[in-house]
Amino acid sequence: MPKQLARRWLAGFGVVGVLLAASAIPAFAAPAAEDLDFYAKDVVVAPGGPAKGSNLFARTRTSTMEWGEYTVKVDRSKVAGFADVENADSNPCTESGAILTCKVVAEENDYYTYITMVNLVVRAKDSATPDQQGELKFTVTDAEGGSTTYHSTVSIGEGVDLAAIEQGLQLTGVLGGTLNVPLTVANRGEKAVHDVVLYFEGGYGFGPSKRYKNCEYSPADAFRHAFACRFPNTIEPGGAARLDSSFGFTVPTDDPAPNGHTGVAHWYTPADWEESQSFNPTRLGQQGTEGELRLEPVGPQSRSLQTDVNNQNLSTVMRLQVSGDQGAEVAALGTPATATGKVGATVPLKVGYVNNGPAAVDVDGAKDLRARTELSLPSGVTAVRVPMTCSSYGDWVPGKPGAKKYRCGEHKRLAQGEKIEYEFELRLDEAGTRAAQVRLTFDTGVDLNPANDSATITIIASADGGSEDPGGDDGQGGGDTDGSLPITGAKAGLTAGIGGVLLAAGAVGFVVARRRKTRFVA
């Protein structure tokens with residue numbers, strides 16, 4: 001029997017993994033095929049080159065569903081002349097000519113609202129020629145007979161072999177200091193490489209020294225840095241090219257210190273870069289304006305689609321050690337300090353924290369301060385609106401109303417003076433004066449001033465809607481609150497705020513998605 005799922009999508013950067021939490025509300029019906037979103041990566045393969053995976057994922061569009069049983073038919077007829085496409089799962093599927101048929105049954109509740117429906121492996125035939133292209137057609141049918149289709153592309157490319165010359169770099173820096181990093185790429189293959197793409201993703205300490213016109217960058221408030229640069233160079237077999245001397249990184253002045261950061265630079269052919277973006281694109285988009293970054297030849301030097309046949313030598317791993325002594329101090333927030341209303345009414349409540357600096361928080365590295373906000377509610381009030389970034393304590397269901405304790409958190413970099421807040425709505429069920437409690441906990445790092453890591457919000461509910469204390473509770477919170485949480489007074493907040501970003505691409509530009517356990521029936 002299919003089980004109830006929570007709504008959560010897993011994604012990550014090649015070397016860095018990340019989760020986006022979503023709702024897990026009791027399910028009512030299995031999603032129809034037409035109500036699912038599908039994802040499958042386009043692939044470029046070369047004769048004699050490595051095979052590549054092309055999996056079909058499905059994700060629900062709502063949180064009020066549970067998984068059912070599905071039939072997946074893969075029509076390989078459009079690619080059969082130049083590529084072999086096979087089932088890569090240990091569970092069998094049936095084959096009839098160019099049609100591969102698999103039955104999928106979701107078995108296990110693992111708090112993810114997606115499943116891997118089909119695992120495929122794609123290889124170019126020895127007789128294939130560059131620029132041949134065709135589509136795989138996926139037809140998904142649900143238990144009620146409804147169906148929908150999805151297409152992905154298989155292309156044949158000319159096999160080439162780019163290689164990063166610097167396989168590993170050990171860097172040292174200071175707050176505000178600039179590092180010159182002369183990255184070099186070589187052509188180790190037998191064919192000329194036409195055009196290259198450099199993608200970098202790394203920790204907060206790797207701030208771009210310049211933002212070039214031929215590069216796209218992650219948003220300025222990202223907790224990590226990422227960018228992609230395109231170069232029109234042709235690199236002949238045995239040749240190499242190096243980034244010009246203007247390229248480098250500048251350590252942010254508000255980086256926690258001492259600190260360590262890791263970054264990875266990865267070289268692509270244009271076709272391989274587009275392939276990496278076909279499944280879940282890297283969230284870039286901020287075009288640079290500070291001149292053009294050049295790739296300069298440092299050795300001897302048909303424009304068919306090209307794909308790299310050796311993906312083990314394309315990356316440069318950089319480790320940056322930042323010296324100094326700089327931490328951060330955060331203070332709990334709860335507003336309003338006093339919430340009043342008539343019994344039966346709802347009142348708004350905001351909880352969170354402000355970064356009092358001097359270092360930024362929620363970046364990365366050994367000294368990063370990463371806080372979570374806990375809210376404990378007294379008896380006599382009910383949370384009726386809960387942010388999706390807050391989970392009920394114990395069963396950890398995001399956005400669940402009615403709990404007495406919540407834990408809130410998200411990956412969002414905050415500079416000094418900036419704050420993060422989570423907005424609740426509480427229904428006043430009983431008359432009386434009570435206290436809600438806010439407490440900060442820390443996944444990593446040490447707060448410079450733990451004395452202000454908690455706050456109290458007074459909640460007054462009156463039968464007639466008046467503002468005076470109607471009596472009843474003793475004002476120390478109801479019996480359902482966590483008595484271990486200290487009350488130290490409400491904290492005043494600042495007004496600035498920023499938005500955060502979760503990059504959906506990694507050092508090698510691919511999404512990493514946790515595969516949901518499924519059972520295939522031939």
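The structure displayed is predicted, hence computed values, not measured ones.
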Any side-chain heavy-atom pair from Y212 and S246 closer than 4.5 angstrom? yes
Ion pair D272/K52, N-O distance below 4.0 Å: yes
Under a 3.5 Å distance rule, please check whether D368 uses its side chain to pair with a backbone N or O of V363 as donor and acceptor. yes
Can we call the ring centroids of F223 and H411 under 6.0 Å apart? yes
May I ask you to decide if V85's main-chain N or O and R76's side chain share a donor-acceptor pair within less than 3.5 Å? yes
For the atom pair NZ (K419) and OG1 (T335), what is the distance rounded to the nearest 0.5 Å? 6.5 Å
Criterion side-chain contact (heavy atoms from CB on, under 4.5 Å) on F442 and L369, from CA distance to verdict: CA-CA 7 Å; F442 300 92; L369 186 64; 3.5 Å; yes
Look up atom CZ in R413 and atom CZ in R224, then write down how far apart they are to the nearest 0.5 Å. 13.0 Å
Salt bridge flag under 4.0 Å for residues R230 and E216: no
Run the ring-ring contact (aromatic ring centres under 6.0 Å, His included) test on Y406 and Y422 for me, step by step, so that the C-alpha distance in whole Å, both residues' side-chain angles and the decisive distance to 0.1 Å come before the verdict. CA-CA 11 Å; Y406 293 93; Y422 306 97; over 10 Å; no
Distance-only, no hydrogens or angles: does the D89 side chain make a donor-acceptor pair with backbone N or O of N119 under 3.5 Å? no
Donor-acceptor pair between E418 and N355 side chains, under 3.5 angstrom: no
Return yes if some donor-acceptor pair links the side-chain N/O of N259 with the main-chain N/O of P256 below 3.5 Å, else return no. yes
Would you call V322 and V174 a side-chain contact if the rule is heavy atoms closer than 4.5 Å? no
Could you check T444, D443, D362 and say which one makes a side-chain hydrogen bond (donor to acceptor under 3.5 Å, both in side chains) with R370? D362
Mind checking the CZ-CD spacing from R242 to E166? Nearest 0.5 Å is all I need. 7.0 Å
Is there side-chain contact between S315 and V264, with at least one heavy-atom pair below 4.5 Å? yes
Can you confirm whether R211 is buried at CZ, in the sense that more than 12 heavy atoms of other residues, nucleotides or ligands lie under 6.0 Å from that atom? yes
Is a donor from one side chain sitting under 3.5 angstrom from an acceptor on the other, for S147 and T139? no
For V44, is there any backbone N or O sitting under 3.5 Å from a side-chain donor or acceptor partner on E275? yes
Is a donor from one side chain sitting under 3.5 angstrom from an acceptor on the other, for D254 and Y204? yes
Any side-chain heavy-atom pair of K73 and T149 under 4.5 Å: no
Donor-acceptor side-chain pairing of N233 and H194 below 3.5 angstrom: no
Look at atom CD of Q167 and say whether more than 12 heavy atoms of other residues, nucleotides or ligands are closer to it than 6.0 Å. yes
Hey, does the side chain of S278 reach the backbone of K41 with a donor-acceptor pair shorter than 3.5 angstrom? no
Would you please indicate if the ring centroids of Y39 and F57 are separated by under 6.0 Å? no
Other residues, nucleotides and ligands only: do more than 12 of their heavy atoms fall within 6.0 Å of NZ on K78? no
Output, in order, the C-alpha distance, side-chain angles, deciding distance and verdict of side-chain contact (heavy atoms from CB on, under 4.5 Å) for F247 and N180. CA-CA 6 Å; F247 177 78; N180 292 321; over 6 Å; no
Nearest-0.5 Å distance that lies between atom CG in L136 and atom OG1 in T153: 8.0 Å
Tell me whether K213 is salt-bridged to E292, with the criterion being a basic N under 4.0 Å from an acidic carboxylate O. no
Tell me whether the centres of the aromatic rings in H225 and F227 are closer together than 6.0 Å. no
Given side chains that start at C-beta, do those of W267 and L183 come closer than 4.5 Å, heavy atoms only? yes
Working to the nearest 0.5 angstrom, can you tell me the gap between Q416 CD and T253 OG1? 10.0 Å
Closest heavy-atom pair, P47 versus A124, reported as atoms and distance to 0.1 Å, is N-CB, 3.6 Å
Roughly how far apart are T373 OG1 and K350 NZ, rounded to 0.5 Å? 14.0 Å
Would you say CZ of R123 has more than 12 non-hydrogen atoms from neighbouring residues, nucleotides or ligands within 6.0 angstrom? no
Working for side-chain contact (heavy atoms from CB on, under 4.5 Å), residues L284 and Y217: CA-CA 5 Å; L284 302 176; Y217 297 83; 5.7 Å; no
Any side-chain heavy-atom pair of V140 and F38 under 4.5 Å: yes
Give the C-alpha distance, both sets of side-chain angles, the deciding distance and a yes or no for side-chain contact (heavy atoms from CB on, under 4.5 Å) between Q321 and L171. CA-CA 6 Å; Q321 186 62 40; L171 307 172; over 6 Å; no
Closer than 3.5 angstrom, by distance alone: can the side chain of Q170 be matched with the main-chain N or O of L320 as a donor-acceptor pair? no
Check: F249 ring centre within less than 6.0 Å of F200 ring centre: yes
Is the backbone of A271 close enough, under 3.5 Å, to the side chain of E274 for a donor and an acceptor to pair up by distance? no
When you compare the side chain of P387 with that of F424, does any pair of heavy atoms fall below 4.5 Å? yes
Salt bridge present between D244 and K210 (N-O < 4.0 angstrom): no
